[in-house]
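Read through the structure below, which is laid out as structure tokens, and then see the notes.
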There are 2 protein chains.
Amino acid sequence: MKPKTQPIPSIRTSGTNLKHAKSHNHRVVLDILRTQGPLSRADISRITSLSRQTIQNIVAELHEMSLVKFDKNKRTGRGRGHPGIDVYFRADAGYALGLYVDQFSLIGIMTDLVGHSIWNETLNVAYPDPETTAGIVQTMLGKLKKDKPKETERLIGIGLALPGPFNIEGVPSVGPTNLPRWTDPRVPEWLSNILGLPVVVENDASAAAVGEHLFGIGHQFDSFAYLYFGLGLGAGLHLNSNLYRGLGRNAGEIGHMVVEIDGRECPCGNRGCLERYVSLQAIYDTLGIENPTNQSIQVVEKLFREKDPRIIKWIDEAAPRLRQAVNIMESILDTNVIIVGGRLSHSILKGLISSLEPLHSSVTSHDSLLGNRVIIGSSGPDTTARGAAALSVFSQISPQVNTLLKGNGE
Amino acid sequence: MKPKTQPIPSIRTSGTNLKHAKSHNHRVVLDILRTQGPLSRADISRITSLSRQTIQNIVAELHEMSLVKFDKNKRTGRGRGHPGIDVYFRADAGYALGLYVDQFSLIGIMTDLVGHSIWNETLNVAYPDPETTAGIVQTMLGKLKKDKPKETERLIGIGLALPGPFNIEGVPSVGPTNLPRWTDPRVPEWLSNILGLPVVVENDASAAAVGEHLFGIGHQFDSFAYLYFGLGLGAGLHLNSNLYRGLGRNAGEIGHMVVEIDGRECPCGNRGCLERYVSLQAIYDTLGIENPTNQSIQVVEKLFREKDPRIIKWIDEAAPRLRQAVNIMESILDTNVIIVGGRLSHSILKGLISSLEPLHSSVTSHDSLLGNRVIIGSSGPDTTARGAAALSVFSQISPQVNTLLKGNGE
DNA sequence: TTATTTTTATGTCAACTTGATTTAAAAAAA
DNA sequence: TTTTTTTAAATCAAGTTGACATAAAAATAA
């Protein structure tokens, strides 16, 4: 539980040894208990392919650390033989703070290790930069110390979700959907030092995808793309059960993908960017809302309920573009499914999705066994903040290749 | 060196132990020597973060197995202190057969473990199915046994590259760029059993990307997309130094990605597929060549040299689409660079690339440090076959997460 | 310039540590 | 009686540690 971000050693050049194997195995057991628990030690042994005795030892150590607890006789009838003693993951062994900062608001959620929210707060902010955010979080932490002393004591880290794209230094911002001054890749480390806790920074779509993977319908898919409606549009990519970030943490930034040559003008300098057609900002543009706030979304919702022709017009314009985007993502990524979610309400998303049919045929068309190629996720900004918290938990509990390798500062 | 393909255990559920750690460390040392060798044992120790003594033991074992050799005094002047004894990777410790099968021809190349070609053959075939191919390869192996007895003895595996997409059963083929009956995911295992050697099957773009990564300019990039001009168009995705395959081995099949709504009709049923604008098939369509053969490409080359207006017209039509595709891939994948290659000649590729400028701005625009966002790879179909051979070597020598985990049949 | 000493680095040996496995036995239920 | 889980002790395998001999370059003195 180090407060610094570590360089990632490549699996191709790093060896491993017993210690790393051990901490990997610990994480594996913990992860299995968290996601599939409670289980008997024999069960865990079967799942991990590790010997019963090894699991015995590992679980004993985890119990020593108060990360698991035992409970006899809770589960029934598993055949003959000595009944197993169930091992439970202790969700209250630690807590994480998830933050979702966007153009208008800052949402903070404190969760336990399985993602249950035990506290939350929403503040109004306007396009905050790292310094401002650090200040707000410090205040928040101070308040938490009073409100939730025991839990704050056990805080293991902070996850921070921001709207992408993260631009590279010296590049002009790309319009109203972008946040300033978060470009420097050292920001997470800088925040870590100020706040005294490990900080993970991720774009909102990725955080939402993680949330969806852990707490939502994404759970059942190994690979999916999460199309996220913030003010702009982004995608979180979960490939082979892992978040794919890209080199500059900008993977999945499909908002500025050109879907129509010589299409609508975009502040980014291109023409025909997807975001100009499919995004909250595009709705505001269609409605003529010039300076949107956190409340504008309710206006949109109301107009949709009233079947306002301008909203219908927007859906008619957006659907072909979204259909195209779905086809493009399927073609490139070959995932199980595409999940759609974000700040748009469920009903609007539903309207949008249903007007997508028939989808373009794709290489993945017939792979997603159970039917739908595009599904709606558990929407709402809370999922994003919870996902951010989960990212923090993830980075410290979940098994990662990283853990297995040497050369990352022990 | 098992002749079967293994299920991949998830890192989240599989533990590890000493044996797996050992074979991982062996692979790591071998891989480092192959790509960066020769090196002293102390050098290897530093790179892997393993102790000198451990490297000592591992290298001794590798030497025992004739996988490495020593040579004193070859390299000079490395500062003071006891000079190291160089350890060399023995490229002739094993050989691999790489095959590239496409619509018109079958190319076979035998390489050593670092990818040097020691034999090759090109045959004419027409849209071969798995059975036909198996027969051809068996004949080829028989011939090799006579021509290269020692090397054939040490054959460690076969890599087979095919044009994608791999369709799912029951789906109609998608036109002249597609090969029949390769859809079943059990084909590699079936081939393994018939040929008595481990077989890896991959789409041509992926194989070419691997070749490019190992032997070409792709070497210097952690992440890149390789845009491959076969008869159709595909992309091989090297993300974080690993080939990304997608669920149905169809990742990167951008040929049927819709770039223009209501664009040109495509046999796949969609309209406006990229492949209808940017591909060899698109050139043939423009030129009115109805039944192209292996030689048709030379006709195209000749026309290009003569600045035939029909080719110029094709480039003018293709460039905006390719520009768009580059932007899309950059947006989604956030890689270092996009490499272009395949059956198109260097000069045509050069013409095409130069007419791409100015590219659309992208999230990656300013990350690829050394300038060009789109570069030309070492083109030519041989690279694809070599890449296929390398894939086979890779699967048995290179460090993979897989190796570290239990639960894959020891 | 030459001879000598110091510094630095490699390779090797042997003892040690660590963590998973094997073996065995007790306990509990069908 | 059979099956299965839990626990304990002994064993094994692989990486680590620290000491040491050795060799070359760099620094110093003659």
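In what follows, chains carry the letters A, B, and so on, assigned in the order in which the sequence lines appear, proteins first and then strands, with residues in each chain numbered from 1.
Listed by chain and residue number, nothing satisfies the ring pair (Phe, Tyr, Trp, His ring centres under 6.0 Å) test with A/H116 (two or more places apart in sequence, or in another chain). By the side chain to side chain donor-acceptor pair (under 3.5 Å) test, A/N240 pairs with no residue at all, sequence neighbours left out. In terms of the side chain to side chain contact (heavy atoms under 4.5 Å, CB included) criterion, residue partners of A/S392 (sequence neighbours excluded) are, by chain and number, A/A96, A/Q396. Applying the ring pair (Phe, Tyr, Trp, His ring centres under 6.0 Å) rule to A/H238 yields the partners A/H213, A/F224; only residues at least two apart in sequence or on another chain are considered. Residues passing the side chain to side chain donor-acceptor pair (under 3.5 Å) test with B/S51, sequence neighbours excluded: B/T54.
At whole-Å resolution of the value, CD1 in A/I85 and C1' in C/dA27 are 11 Å apart. Protein atom NE2 of A/H20 is 13 Å distant from nucleotide atom P of C/dA20, rounded to whole Å. Whole-Å rounding puts the A/R41 CZ to D/dT5 P distance at 12 Å. Atom NE2 of B/H26 is separated from atom P of D/dA13 by 14 Å (rounded to the nearest Å). B/I55 places its CD1 atom 16 Å from the C1' atom of C/dA9, with the value rounded to the nearest Å.
The shortest side-chain heavy-atom distance between A/L243 and A/E202 falls under the 4.5 Å cut-off.
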Exercise. Would you give a per-nucleotide map of nucleotides 14-22 of chain D, 5' to 3', where B means the base has a protein non-hydrogen atom under 4.0 Å away, S means only the sugar-phosphate does, and - means neither?
Key: SSBB----B
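Neither OP1 nor OP2 of C/dG11 sits under 4.0 Å from any side-chain N or O of B/Q56.
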